[in-house]
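Data first, discussion second: the structure below is written as structure tokens.
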Number of protein chains: 2
Amino acid sequence: MTGSDAGRPVTMRDVAAAAGVSVATVSHVVNDKPGARIGPETRRRVQAAVADLGYRPNAMAQNLVRGGSKFIGLVADAIATTPFAGQIIHGAQDEAWRHGYVLLVANTEGNDAAEKEALAMMLEHKVRGVIYSTWYHRRVELPPTLTESDHVLVNCFATDPGVRAVIPDEIGGGRTAAQLAIDAGHRRIGFVNTTTASPARDGRLIGYRDALKAAGLPVDERLIMDTRPDQEGGYAVVPALLERGVTAVCCHNDRVAMGVYDGLRERGVGVPDDLAVIGFDNQEVIAAHLRPPLSTVALPHYELGAAGVRVLLGLDDTAVTGIVSIPCPPVRRASA
Amino acid sequence: MTGSDAGRPVTMRDVAAAAGVSVATVSHVVNDKPGARIGPETRRRVQAAVADLGYRPNAMAQNLVRGGSKFIGLVADAIATTPFAGQIIHGAQDEAWRHGYVLLVANTEGNDAAEKEALAMMLEHKVRGVIYSTWYHRRVELPPTLTESDHVLVNCFATDPGVRAVIPDEIGGGRTAAQLAIDAGHRRIGFVNTTTASPARDGRLIGYRDALKAAGLPVDERLIMDTRPDQEGGYAVVPALLERGVTAVCCHNDRVAMGVYDGLRERGVGVPDDLAVIGFDNQEVIAAHLRPPLSTVALPHYELGAAGVRVLLGLDDTAVTGIVSIPCPPVRRASA
DNA sequence: TTGAAAGCGCTAACAT
DNA sequence: ATGTTAGCGCTTTCAA
């Protein structure tokens with residue numbers, strides 16, 4: 001006989017009755033309470049009854065009496081739009097699990113009402129805290145409801161002081177990208193930035209400049225150009241790149257790099273021999289399957305999610321600012 | 001004063017005290033109970049107290065007394081590996097939400113132990129049921145624990161009789177792919193299948209044959225070839241394709257199509273004028289950004305997830321077999 | 001070594 | 001129109 005039977009679920013009382021003991025005793029053996037002295041024979045009987053009846057503790061009752069759940073809420077603005085959000089969820093999920101927590105996931109698609117509802121739902125489930133995440137790194141306004149519970153921002157940040165946040169280290173990432181080119185012996189390294197303002201735009205450029213300076217290379221402003229952050233943008237910038245005589249180029253993201261590939265191929269310019277190309281984001285489907293495979297810098301989405309729950313649970317120290325930034329590691333393939 | 005204060009959370013008793021009424025009254029107004037006659041003045045006082053104290057109902061207490069939660073469990077074998085799983089989650093999430101349910105998501109990465117743990121956790125939270133999903137369409141063995149609760153399979157199926165499942169209509173999809181070529185006026189249409197056995201491999205081929213026959217076209221077995229289901233596979237099959245003189249080709253998936261593009265470009269064969277190419281899966285990052293953008297057939301992941309919860313909740317009828325199959329719609333772009 | 005009993009926050013009969 | 005009360009399944013003193 002197991003819990004799978006249609007009838008009323010097996011409770012602790014049922015187990016107690018079957019084992020001929022009190023519910024208190026059952027509770028003790030089931031939870032393996034440290035300070036509980038249970039006779040070996042009794043323990044055996046209880047365990048047998050548990051197995052026999054297919055007993056499962058009722059988490060809601062446990063939560064009620066303990067006055068707090070083992071839930072962590074995760075609100076994401078775009079589960080579907082990109083594989084990125086999935087990685088954040090995955091990291092958060094693994095880390096939460098590791099600490100005995102369960103993730104309550106809500107998707108808002110940027111909809112304020114959905115967001116508010118999601119937050120309310122989480123509050124009502126007395127979550128331990130909530131992780132508020134966005135699919136691309138940006139500044140956000142804190143939904144008022146969010147502050148009603150313990151919270152940490154992931155892949156985004158607020159201007160309000162003291163709001164903990166976990167974000168990718170864009171500056172370090174920009175440095176890493178440029179270093180990939182420098183290490184390959186390049187001296188004229190272009191930087192194709194995006195036209196749209198963002199922490200990524202600013203940070204990666206700073207990192208690029210840093211790396212060049214650190215390597216004793218001049219920073220030629222003419223080698224820094226802006227374009228739309230997509231394939232078309234990359235394609236369009238190729239003539240300028242060629243004209244300026246760069247031997248390597250760091251792109252704002254992998255999609256831009258993909259467009260650069262297109263433009264280069266059209267002109268018979270080989271990658272990486274004639275021109276080395278470096279991407280950003282490490283968007284698997286693009287980067288790994290381009291020919292040649294694209295060297296790039298990874299956005300640490302999994303780690304962002306994982307760090308988010310660690311910060312929430314107070315396992316990771318945050319700097320005084322409350323902001324922790326996660327490194328963006330290089331991914332060496334064949335384009336640089 | 002709101003619930004955000006650090007102290008003990010605001011309970012219904014607090015509200016009752018503040019409003020000078022009993023908890024029963026508070027319960028009635030908070031839940032807007034139909035048969036409850038509450039004086040307008042009392043109702044006002046209660047609502048004021050609720051707002052004033054920032055009261056939030058405790059979902060766990062509600063669940064306890066109601067004897068069942070508003071949770072639906074979703075176990076996925078790969079949240080991260082592909083954007084696909086994300087879409088399933090998204091669809092399930094939206095649909096669950098629509099019916100007042102909350103999704104409990106667990107990721108197993110194909111790990112049996114993780115799976116068992118996840119299922120146990122869901123059972124302990126007395127979920128309404130669980131959706132068991134895989135990131136690619138395949139047959140699965142049912143984890144024994146799964147049968148302890150109401151369940152439906154999504155994007156996979158079991159051989160055990162009577163197990164409800166929601167899967168993509170591969171045959172219809174194959175038909176749709178071929179039809180895309182037929183509609184464009186092609187008569188010699190190749191089919192590049194995968195070498196690895198799967199419902200997709202079998203179903204799509206059947207659909208291809210069906211469509212040709214329905215259009216009164218001969219099915220030339222020489223135009224059907226197998227290759228590895230990735231870019232390299234697509235690239236490798238191009239010579240055979242050209243040699244057999246097809247004017248259009250349906251590929252097993254978008255990645256194969258991507259490889260076909262590569263091979264074609266290398267030989268100066270234009271898409272779609274010299275050779276029309278049709279993919280399968282509608283993997284955004286690939287399909288929409290290839291040049292020319294790839295015409296393909298979409299896998300209905302979002303719908304699979306949504307249908308999964310509807311089936312679970314008994315909102316959608318399933319056929320006698322318990323299997324419901326979801327159409328794979330065509331996505332017309334520029335390659336065919 | 002075990003059991004009795006008091007709640008956790010809420011809902012739903014049943015009183016009043 | 002509103003209040004009293006008995007649980008929901010469990011944990012946890014405290015007593016035996």
Side-chain angles (χ1 to χ4, degrees), chain A residues 3 7-47 49-50 53-71 100 121 123-128, chain B residues 3 7-47 49-50 53-71 121 123-127:
Chain A
R8 186 181 45 74
V10 179
T11 79
M12 194 174 257
R13 265 238 293 274
D14 300 329
V15 176
V21 298
S22 75
V23 292
T25 303
V26 176
S27 177
H28 283 142
V29 352
V30 166
N31 298 350
D32 232 338
K33 274 282 158 192
R37 0 188 118 289
I38 304 289
E41 165 56 12
T42 308
R43 160 167 274 121
R44 215 203 38 68
R45 279 216 319 285
V46 170
Q47 283 162 340
V50 164
L53 301 180
Y55 168 74
R56 302 259 182 203
N58 182 323
M60 294 174 311
Q62 292 178 313
N63 288 341
L64 219 214
V65 58
R66 287 206 272 253
S69 80
K70 282 298 203 173
F71 290 128
M121 170 290 263
L123 258 4
E124 293 179 9
H125 282 91
K126 306 299 174 205
V127 293
R128 170 53 229 281
Chain B
R8 188 181 45 73
V10 180
T11 78
M12 194 173 256
R13 266 238 291 274
D14 300 329
V15 176
V21 300
S22 75
V23 291
T25 302
V26 175
S27 178
H28 283 144
V29 351
V30 166
N31 298 353
D32 232 340
K33 273 282 160 191
R37 2 190 117 288
I38 306 289
E41 165 56 12
T42 308
R43 159 167 276 120
R44 216 202 37 69
R45 279 216 318 285
V46 171
Q47 282 161 342
V50 164
L53 300 180
Y55 167 74
R56 301 259 182 204
N58 182 323
M60 293 175 312
Q62 293 178 313
N63 288 342
L64 221 214
V65 58
R66 286 205 272 253
S69 79
K70 280 300 202 173
F71 291 128
M121 170 291 262
L123 259 3
E124 293 179 8
H125 282 91
K126 307 298 176 206
V127 293

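A note on names: the letters A, B, ... follow the listed sequences, proteins ahead of strands, and every chain is numbered from 1. Heavy-atom basis, side chains included; hydrogens, waters and symmetry copies ignored.
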Problem - Any A:Thr42 side-chain nitrogen or oxygen under 4.0 Å from OP1 or OP2 of C:dT2 - result: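 So the side chain of A:Thr42 is within the cut-off, an N or O lying under 4.0 Å from OP1 or OP2 of C:dT2.
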
Exercise for the section: Please determine if a side-chain N or O atom of B:Lys33 lies less than 4.0 Å away from the OP1 or OP2 oxygen of C:dA12. Expected result: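 The answer is yes; a side-chain N or O of B:Lys33 sits under 4.0 Å from OP1 or OP2.
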
Exercise for the section: Please figure out whether B:Pro40 or B:Lys126 has its closest DNA chain D nucleotide nearer the 5' end. Expected result: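 Upstream on the strand: B:Pro40.
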
Handout entry: Main-chain N/O of A:Asn63 paired with A:Ser69 side-chain donor or acceptor, under 3.5 Å
Key =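 No, A:Ser69 side chain to A:Asn63 backbone: no donor-acceptor pair under 3.5 Å.
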
Exercise for the section: Give a yes or no answer on whether the side chain of A:Arg56 reaches the backbone of B:Glu124 with a donor-acceptor pair at less than 3.5 Å. Expected result: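 The answer is no, because no donor-acceptor pair under 3.5 Å joins these two groups.
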
Name the pairs: protein N/O against N/O of nucleotides 13-16 of chain C, kept only if under 3.5 Å.
none

Practice task
Identify the 5'-most and 3'-most nucleotides of DNA chain D with at least one atom closer than 4.0 Å to a non-hydrogen atom of chain B.
Solution key: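 Here the contact window of chain B covers D:dA1 to D:dG9.
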
Exercise for the section: Supply the atom-to-atom distance B:Arg66 CZ to B:Leu64 CG, rounded to the nearest 0.5 angstrom. Expected result: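 Between atom CZ of B:Arg66 and atom CG of B:Leu64 there are 11.0 Å.
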
Check [X] against [Y] and note the closest heavy-atom contact, atom names and distance.
{"X": "B:Ala16", "Y": "B:Val23", "result": "CB-N, 3.8 Å"}
{"X": "A:Ala19", "Y": "A:Ala49", "result": "CB-CB, 4.0 Å"}
{"X": "A:Val15", "Y": "A:Val46", "result": "CG1-O, 4.2 Å"}
{"X": "B:Leu53", "Y": "B:Val10", "result": "O-CG2, 3.3 Å"}
{"X": "B:Val30", "Y": "B:Tyr55", "result": "CG2-CE2, 4.3 Å"}

Practice task
Quick one: label A:Asn31 by what it contacts on the DNA or RNA (base, sugar-phosphate, nothing), any heavy atom closer than 4.0 Å.
Solution key: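 Here A:Asn31 touches the backbone only, sparing every base.
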
Problem - Whichever of B:Ser27 and A:Gly20 has its nearest DNA chain C nucleotide further upstream toward 5' - result: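 Closer to the 5' end of DNA chain C: A:Gly20.
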
Exercise for the section: On the 0 to 90° scale, with breaks at 30° and 60°, tag the B:Phe71-A:His125 ring pair as parallel, tilted or perpendicular. Expected result: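 Tilted: the ring planes of B:Phe71 and A:His125 meet at 30° to 60°.
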
Handout entry: Contact list for residues 26-35 of chain B, test side chain to side chain donor-acceptor pair (under 3.5 Å), sequence neighbours left out
Key =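 Not a single pair qualifies under side chain to side chain donor-acceptor pair (under 3.5 Å).
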
Exercise for the section: Could you tell me whether the side chain of B:Ile38 reaches within less than 4.5 Å of the side chain of B:Thr25, counting heavy atoms only? Expected result: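 Yes. Closest side-chain heavy atoms under 4.5 Å.
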
Handout entry: Axial bend angle, the helix from C:dT1-D:dA16 to C:dT16-D:dA1: five-pair end segments, nearest 10°
Key =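 Computed angle between terminal axes is 50°.
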
Problem - Non-neighbouring partners of A:Arg13 that pass salt bridge (Lys or Arg N to Asp or Glu O under 4.0 Å), sequence neighbours left out - result: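 In terms of salt bridge (Lys or Arg N to Asp or Glu O under 4.0 Å), with neighbours along the sequence ignored, A:Arg13 is linked to no residue.
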
Are there any protein N/O atoms within less than 3.5 Å of an N/O atom in nucleotides 6-9 of chain C, and if so, which ones and at what distance?
unit_1, atom_1, unit_2, atom_2, d
C:dC8, O2, A:Val65, N, 3.3

